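Single-structure report; data block below.
Since we're looking at a predicted model, the values are computed, not measured. When reading the values below, keep in mind they use all heavy atoms of this one structure, side chains included, and skip hydrogens, waters and symmetry mates. Naming: A, B, ... by sequence-line order, numbering from 1 per chain.
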Amino acid sequence: MSIQIFNTLTRTKEQLETIEPGKVRMYVCGPTVYNKAHIGHAMSALVFDVIRRYLEYRGFDVQFAMNFTDVDDKIIRRANEMGIDPFDLAEGYIQDFQKNMAELNIKPASFNPRASKEIDQIIAIVQGLIDKGAAYPLEGDVYFRVRNDPNYGKLSGRNLDDMRAGVRKEADDRKEDPMDFALWKSAKPGEPAWESPWGPGRPGWHIECSAMNYHYFGDSIDIHGGGNDLIFPHHENEIAQSELFTGKPFARYWVHNGMLQLRGEKMSKSLGNIISIDEFLTQHSADSFRYLILNSAYRNPIIFNDDVLMQAEKALDRVRFAFNPAVESAKGASDSVKQTLSEQINATRNGFINAMDDDFNSAGALGNIFELIRVINYSRDEGATQLELQPAQDLLMELTNVLGLTLADGSEKKQMAEADPFVQLLVDLRLELRKQKNWGLADQIRNQLFEKGVVLEDTKDGTTWHWDRRA
RNA sequence: GGCGACGUGGCCAAGUGGAUAAGGCAAGGGUCUGCAAAACCCUCACCAUCGGUUCGAAUCCGAUCGUCGCCUCCA
């Protein structure tokens, strides 16, 4: 039994063998904080949260780093437009982002390095690359010399000559090769800048990730993650910089999530089809988004629309229902039912692990969970006692926890809480009417509560009710 | 133009060579219920098309059609 993980570098599933047994060093590219985080960021964060949680479940000590790019052209431009300090702008969005992550039940990273705090490290690496002939200063900038790197293109499967066709002709002619990318950018007046051997400036985008990795993890890490839109050029460049600097392999496994599809296309600012995490959460639960991610393969694009979100909410209702206790009149299940239950517990535990071991096949894992749910509900109907149900529900709790589902009732319940005693009053009153077989009035109460978003369910042991916005 | 991914039932989506193609949502029938709701039981797929490899293919190969991503900042 071992974990298989798809490595973009080799385009195959490989057995996970970490540098240090039992320990995983994992780095995921975080956001550039110049705006509110959107649900595409959320997808990426959720994918790697699930991977991290599962690795921990399997006994690994996971050292998890996610950076913030807090020095960047876009941040500077936006701050100038707003007339505020770029670092204040960045700080605000970092706070926002971390609030969003908490709302989505994403575990905090072990480290959240920031580009602006790694300048010494960045300068040291840039200088090291210059010393090795891998980079060259040019009028206050420093560029990476792609032609010097025989391995350039190994992650994205491109070669420099193929790419040249796509390069814009009006590109900067000062560079030795159009594909050479900036490690250090000279500052214009009024821009944030740090002193460097090449004059005042700031780091390029790619170098910061190399520097932060080196700072926190040393020469090599186990897993490097990010969206598949980062494969080229960002991750390609990270590899080039880090490996030429250290002379060692940078990351063992490159893991990339697919893009969120909104109306059949990628969400992006130029298309104007952005949904922020804040906006999403005013309409839907965090669990529903997580379910969407879990119910598909992380490497594929995910379809996002109201339909699939509704389906997710309904599916989650089913999961929550399975935690309902045994009925009060339960007399104990038959031997065959008890056997079915105990067999399903084993089957689900094994099935879950087999699925997740296979490149984090969370959709397969969910399938196993729903089979357990079916058997739990069946056993309850067949008269299983709480004692008999408990082990199965414990496993259900354990596995949904690994996937990071909170199974909370949703925020509407909290908002409605103050109305709860009055609802209960009506429910109790209706129970009396039902005892008197006054069906007309009883139904009237049920229907009118339904219109107010309260769903009643009569059972042998009384009436239960819950808020349901969709009602 | 170059590189890559994908196309499984009404919808979402596992499965990537072998016996009946997971699971969820929706739908239809039934049990239960005063009636509902929920739950439970039952039903519902020749895996884009065509050709090839194989004893055997959704799964491998080729072609065609379609969708998407990257090649510029992007999770």
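- Counting non-hydrogen atoms under 4.0 angstrom, A/R430 reaches a base of the nucleic acid.
- Between the CG atom of A/L155 and the P atom of B/rC3 there is a distance of 17 Å, rounded to whole Å.
- The side chain of A/D458 lies closest to B/rG34 when the candidates are B/rA39, B/rG34, B/rG23.
- The same atom, P, is picked in B/rU16 and in B/rA48; the two are 16 Å apart, to the nearest Å.
- Side-chain polar atoms of A/Q390 and A/D394 form a donor-acceptor pair below 3.5 angstrom.
- Residue contacts shown for A/A312 are absent, as no nucleic acid heavy atom lies under 4.0 Å away.
- If you check B/rG17 for Watson-Crick or wobble pairing at under 3.5 angstrom, you find it has no partner at all.
- Look at B/rU72: it lacks any Watson-Crick or wobble partner with both distances under 3.5 angstrom.
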- prompt: Hey, mind stepping through A/F97 and A/F68 against ring pair (Phe, Tyr, Trp, His ring centres under 6.0 Å) and telling me if it holds?
  reply: CA-CA 10 Å; A/F97 187 84; A/F68 289 115; 5.6 Å; yes

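- No donor-acceptor pair closer than 3.5 Å links the side chain of A/Q241 to the backbone N or O of A/S210.
- In this structure, A/L292 reaches neither bases nor backbone, as no heavy-atom distance under 4.0 Å exists between it and the strands shown.
- Checked against A/H206 for a ring-ring contact (aromatic ring centres under 6.0 Å, His included), the options A/Y143, A/F232, A/F181 give a single hit: A/F181.
- Within 4.0 Å (heavy atoms only), A/Q261 reaches sugar-phosphate atoms of the nucleic acid but no base atom.
- Defined by atom type and a distance below 3.5 Å, a donor-acceptor pair is present between the side-chain atoms of A/E398 and A/Y57.
- Put simply, A/F321 does not rest on the base of B/rA38: the two rings are not both less than 5.5 Å apart at their centres and under 30° in tilt.
- Between A/L449 atom CG and B/rA37 atom P the separation is 17 Å, expressed in whole Å.
- The residue A/G40 sits close to a base: some heavy atom pair falls under 4.0 Å.
- Between A/D358 atom CG and B/rG15 atom C1' the separation is 10 Å, expressed in whole Å.
- Here A/R434 lies in heavy-atom contact (under 4.0 Å) with a base.
- Separating the P atom of B/rA26 from that of B/rC12 is a span of 15 Å, rounded to the nearest Å.
- Counting any heavy atom pair closer than 4.0 Å across all strands shown, A/I231 reaches no nucleic acid atom.
- Here B/rA39 sits opposite B/rU31 as a Watson-Crick or G-U wobble pair (both hydrogen-bonding atom distances under 3.5 Å).
- Here, B/rA58 and B/rG17 have their C1' atoms 10 Å apart, quoted to the whole Å.
- Considering only side-chain atoms of A/D381, the nucleotide from B/rA39, B/rC12, B/rA14 that sits closest is B/rA39.
- B/rC6 is paired with B/rG66 under the criterion used here, namely a Watson-Crick or G-U wobble arrangement in which both key atom distances are under 3.5 Å.
- When rounded to the nearest whole Å, the span between CG of A/N257 and P of B/rA75 equals 11 Å.
- The gap from the P atom of B/rC11 to that of B/rC70 amounts to 26 Å, rounded to the nearest Å.
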message: Quick one, A/F250 with A/H224, criterion ring pair (Phe, Tyr, Trp, His ring centres under 6.0 Å). Give me CA distance, side-chain angles, the key distance, then yes/no.
response: CA-CA 9 Å; A/F250 178 33; A/H224 191 127; 5.7 Å; yes

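- Within the nucleic acid shown, A/R380 has no heavy atom closer than 4.0 Å to any nucleic acid atom.
- Across all strands shown, B/rC60 forms a Watson-Crick or G-U wobble pair with B/rG52, both key distances being under 3.5 Å.
- Remark: the separation of the P atoms in B/rU53 and B/rC68 is 34 Å, to the nearest Å.
- Among the nucleotides B/rC12, B/rC41, B/rG24, the one closest to any side-chain atom of A/A315 is B/rG24.
- A/N361 comes within 4.0 angstrom of sugar-phosphate atoms only, judged by non-hydrogen atoms across all strands, and of no base.
- B/rA63 sits 49 Å from B/rG29 when the P atoms are compared, rounded to a whole Å.
- Taking side-chain N and O atoms only, A/K314 has a distance below 4.0 Å to OP1 or OP2 of B/rA26.
- Of the candidates B/rC40, B/rC35, B/rA13, the closest approach to any side-chain atom of A/R446 belongs to B/rC35.
- The distance between atom NE2 of A/H206 and atom C1' of B/rU72, rounded to the nearest whole Å, is 10 Å.
- Counting any heavy atom pair closer than 4.0 Å across all strands shown, A/N377 reaches sugar-phosphate atoms only and no base atom.
- Residue A/P192 comes nearest to A/P86 through the heavy atom pair CG-CG, 4.0 Å, listed as atom of the first residue, atom of the second, then distance.
- There is a side-chain donor-acceptor pair under 3.5 Å between A/S276 and A/E279.
- Between A/L366 atom CG and B/rG24 atom P the separation is 10 Å, expressed in whole Å.
- Each of B/rA13, B/rC70, B/rC40 was ranked by its minimum atom distance to the side chain of A/D229; first place goes to B/rC70.
- Between the C1' atoms of B/rG28 and B/rA13, the separation comes to 22 Å (whole Å).
- A/Q4 and A/D357 share no donor-acceptor pair across their side chains, judged by distance under 3.5 Å alone.
- Each of A/Y298 and A/F232 was assigned the nucleotide of RNA chain B with the nearest heavy atom; the assignment lying further toward the 5' end belongs to A/Y298.
- Here the side chain of A/R318 is nearest to one of B/rA5, B/rA75, B/rA39, namely B/rA39.
- Across B/rA75, B/rG23, B/rA13, the shortest atom-to-atom separation from the side chain of A/E371 is found for B/rG23.
- At the heavy-atom level, A/L456 lies under 4.0 Å from base atoms of the strands shown.
- For A/Y291, counting side-chain heavy atoms from C-beta on, the closest listed nucleotide (B/rA75, B/rC71, B/rG24) is B/rG24.
- In the interface, the side chain of A/N368 is not paired with the base of B/rG23 through any donor and acceptor atom under 3.5 Å apart.
- Of the candidate nucleotides B/rC12, B/rA75, B/rA39, B/rC12 has the atom nearest to the side chain of A/Q311.
- A/L341 places its CG atom 15 Å from the C1' atom of B/rC40, with the value rounded to the nearest Å.
- Distance, A/M259 CE to B/rG4 P: 18 Å, rounded to whole Å.
- B/rA21 and B/rA45 are spaced 8 Å apart, taking the C1' atom of each and rounding to whole Å.
- Using a 30° and 60° split on the angle between ring planes, A/Y216 and A/F111 fall in the tilted class, from 30° to 60°.
- Backbone-only contact: A/N228 has heavy atoms under 4.0 Å from sugar-phosphate atoms and none from a base.
- B/rC46 is unpaired under the criterion used here, namely a Watson-Crick or G-U wobble arrangement in which both key atom distances are under 3.5 Å.
- Of the candidate nucleotides B/rC12, B/rA75, B/rA14, B/rA14 has the atom lying nearest to any side-chain atom of A/S296.
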